[in-house]
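Note sheet for the following structure.
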Protein chains: 2
Amino acid sequence: MPAEAKTAAETAAKDAPPAARAVPPASPPLTERQEARRRRILHASAQLASRGGFDAVQMREVAESSQVALGTLYRYFPSKVHLLVATMQDQLAHMHGTLRKKPPAGETAAERVAETLMRAFRALQREPHLADAMVRALTFADRSVSPEVDQVSRQTTAIILDAMGLDDPTPAQLSAVRVIEHTWHSALITWLSGRASIAQVKIDIETVCRLIDLTEVRETR
Amino acid sequence: MPAEAKTAAETAAKDAPPAARAVPPASPPLTERQEARRRRILHASAQLASRGGFDAVQMREVAESSQVALGTLYRYFPSKVHLLVATMQDQLAHMHGTLRKKPPAGETAAERVAETLMRAFRALQREPHLADAMVRALTFADRSVSPEVDQVSRQTTAIILDAMGLDDPTPAQLSAVRVIEHTWHSALITWLSGRASIAQVKIDIETVCRLIDLTEVRETR
DNA sequence: ATCAAGTCTGAAACTTGTTCTAGGTTAGCG
DNA sequence: CGCTAACCTAGAACAAGTTTCAGACTTGAT
């Protein structure tokens, strides 16, 4: 039963009716000044996050840094978590672009995915506080942020599928990708909270990537 | 400012040199009345969590429900996250006991682990709000809660190893278990935030459990 | 140019986690 | 019994996320 495909479709359908908010192709087109405000806010958010992480992103400070009234900030991003998830979307898009330029060189799909994720991991290590803010927001997000979190998830999936070099993955492969994403997020958290070393994260990523090999062998499953 | 980390460290240092706090075998033995207070607090916490989840566990309400002053509550559990993680330890211990009674019946280790996790998952489904509170606290926890979160992780590992029926696992098997835990936590989150169905979680668990088969074949790795 | 609708601003208010304080209570001990 | 240190309580106070509101500013259409 192609449950994977169904879920993705359902989820996608879920946020279409009530309208997307933080996704680029949104409902109301923003004026130039509004676009500029949005950008200033995201910049300030990333800036503050790069210092003290999640706690350092204080809504009053973001508002001040980006020259916007507090009420306006909340009009653009209805909560701190929304703001940080949008910040993550921003960074992810940037990273996807960067990764595209130099595709991973591994022989097998598993190797390429592991290499890609490790490259992303090294990027996050350069800004650990920013990583903290974004990842904590992502996992702390409640239902009200689901559409945005889902968008991040789709973006991540796209990056992994890119690394695998697949156009139309099998259900089994999509399941493997889902599990890889789970591991990726959770491993990041254990690293960020100091409960796992960088080496340990590397091992976990490499371990889970072996699942990909499994799907290649038993595709008819 | 990392106010949280500082606070917890100071608080811990103040009443006991190094030492764990919320773990049963703690440094200062509690008097009977203290033990009773602690239990009342945990009970109130679980109670409130079973209603509205993470947000419904309000420290003032917990204090009132458990007939304890707010300051005392904070002496027992230095933050809301500490409290909820301790609540989780409590529930986990209970569940481990329950699971022990009826061991899983699967043929392979992978099947038994998947079965065990699905059993735990069904238990969580019966109290989705409680699950929400505990899991969100767990992933939102910062460094100041690491010891307690680590304890939860060890407990979870023990449950999985139990299901596998292993006494001394190989490194590869431990890696697989780590990845399974990652997937378990992350899949729970996607379910709790409404981004994945119960069926989807089942698939993810079954998918990741196949990693165990891999370690059996290539043990010399 | 002018009006209506929609935005933005500054400031105050409200909520809930967390800290602090002053005084009362308890437990162990001489 | 009476002391002392540790513990507990009630309640105020503080911090940061979120909401609200009156008034000023923009924008788009007439």
Side-chain angles (χ1 to χ4, degrees), chain A residues 21 27-38 40-41 44-45 48-49 52-85 133 136-137 140-142 144-145, chain B residues 1-17 21 26-38 40-41 44-45 48-49 52-85 133 136-137 140-142 144-145:
Chain A
R21 168 139 291 261
S27 348
L30 299 181
T31 71
E32 207 161 307
R33 300 176 48 131
Q34 288 175 322
E35 191 53 53
R37 270 192 206 98
R38 186 168 192 284
R40 284 206 307 279
I41 292 172
S45 168
L48 287 169
F54 189 89
D55 292 332
V57 181
Q58 303 194 355
M59 299 304 269
R60 287 179 237 270
E61 282 208 38
V62 173
E64 190 171 356
S65 286
S66 48
Q67 310 252 264
V68 137
L70 193 54
T72 305
L73 172 53
Y74 273 94
R75 172 184 286 275
Y76 281 70
F77 302 97
S79 79
K80 173 170 172 170
V81 168
H82 281 85
L83 170 58
L84 285 172
V85 171
R136 296 261 294 285
F140 191 59
D142 66 1
S144 70
V145 203
Chain B
M1 269 283 117
E4 291 187 300
K6 240 197 313 186
T7 299
E10 285 170 0
T11 308
K14 204 180 292 177
D15 35 344
R21 165 137 290 264
S27 350
L30 299 181
T31 72
E32 208 161 306
R33 300 176 49 136
Q34 287 175 323
E35 192 51 54
R37 272 194 204 98
R38 187 168 189 285
R40 284 206 307 279
I41 293 171
S45 167
L48 287 170
F54 188 90
D55 292 333
V57 180
Q58 303 194 354
M59 299 304 269
R60 285 175 237 267
E61 284 208 37
V62 172
E64 189 170 356
S65 287
S66 49
Q67 309 252 261
V68 135
L70 192 54
T72 305
L73 172 53
Y74 273 95
R75 172 183 286 276
Y76 280 71
F77 302 97
S79 79
K80 173 169 172 171
V81 169
H82 281 84
L83 170 58
L84 285 172
V85 171
R136 295 260 294 286
F140 190 60
D142 67 0
S144 71
V145 203

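Keep in mind that this is a model prediction, so the values were computed, not measured. Numbered from 1 within each chain, the chains take letters A, B, ... in sequence-line order.
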Between [atom2] of [N] and [atom1] of [X], the distance in whole Å:
X        : N      : atom1 : atom2 : result
B:Phe140 : D:dG17 : CZ    : C1'   : 12 Å
B:Ile41  : D:dC8  : CD1   : P     : 9 Å
B:Leu73  : C:dG17 : CG    : P     : 10 Å
A:Lys80  : C:dG17 : NZ    : P     : 15 Å
B:Glu64  : D:dT9  : CD    : P     : 13 Å
B:Arg33  : D:dA6  : CZ    : P     : 19 Å
B:Tyr74  : D:dT9  : OH    : P     : 15 Å
B:Arg75  : D:dC8  : CZ    : P     : 6 Å

Proximal nucleotide (of D:dT9, C:dC8, D:dG17) relative to the A:Gln58 side chain: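 Looking only at heavy atoms from C-beta outward on A:Gln58, the closest nucleotide is D:dG17.
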Which one, D:dT18, C:dG17, D:dC8, comes nearest to the side chain of B:Tyr76? D:dC8
Could you tell me whether the side chain of [X] and the main chain of [Y] form a donor-acceptor pair under 3.5 Å?
X       : Y        : value
A:Thr72 : A:Val68  : no
B:Lys80 : B:Met59  : no
A:Ser65 : A:Glu61  : yes
A:His82 : A:Ser144 : yes

Using heavy-atom distances to pick each residue's nearest nucleotide on DNA chain D, tell me which of B:Leu70 and B:Gln34 is more 5'.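 Between the two, 5'-proximity favours B:Gln34.
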Go nucleotide by nucleotide along DNA chain D from the 5' end; which of A:Gly71 and A:Val57 gets its closest nucleotide reached first? A:Val57
Measure from the ring center of A:Phe140 to the ring center of B:Phe54 and say whether it is less than 6.0 Å.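 Distance test on ring centres: under 6.0 Å, yes.
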Looking for any heavy atom pair under 4.0 Å, which part of the strands does [X] touch: base, sugar-phosphate only, or nothing?
X       : value
A:Arg60 : base
A:Ser79 : sugar-phosphate
A:Glu32 : nothing

Here's a test of your reading of the structure: between B:Met59 and A:Ala69, which maps to the more 5' nucleotide of DNA chain C? A:Ala69
With nearest nucleotide decided by heavy atoms, which residue, B:Thr31 or A:Val68, maps closer to the 5′ end of DNA chain C?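 Comparing both residues, the 5'-ward one is A:Val68.
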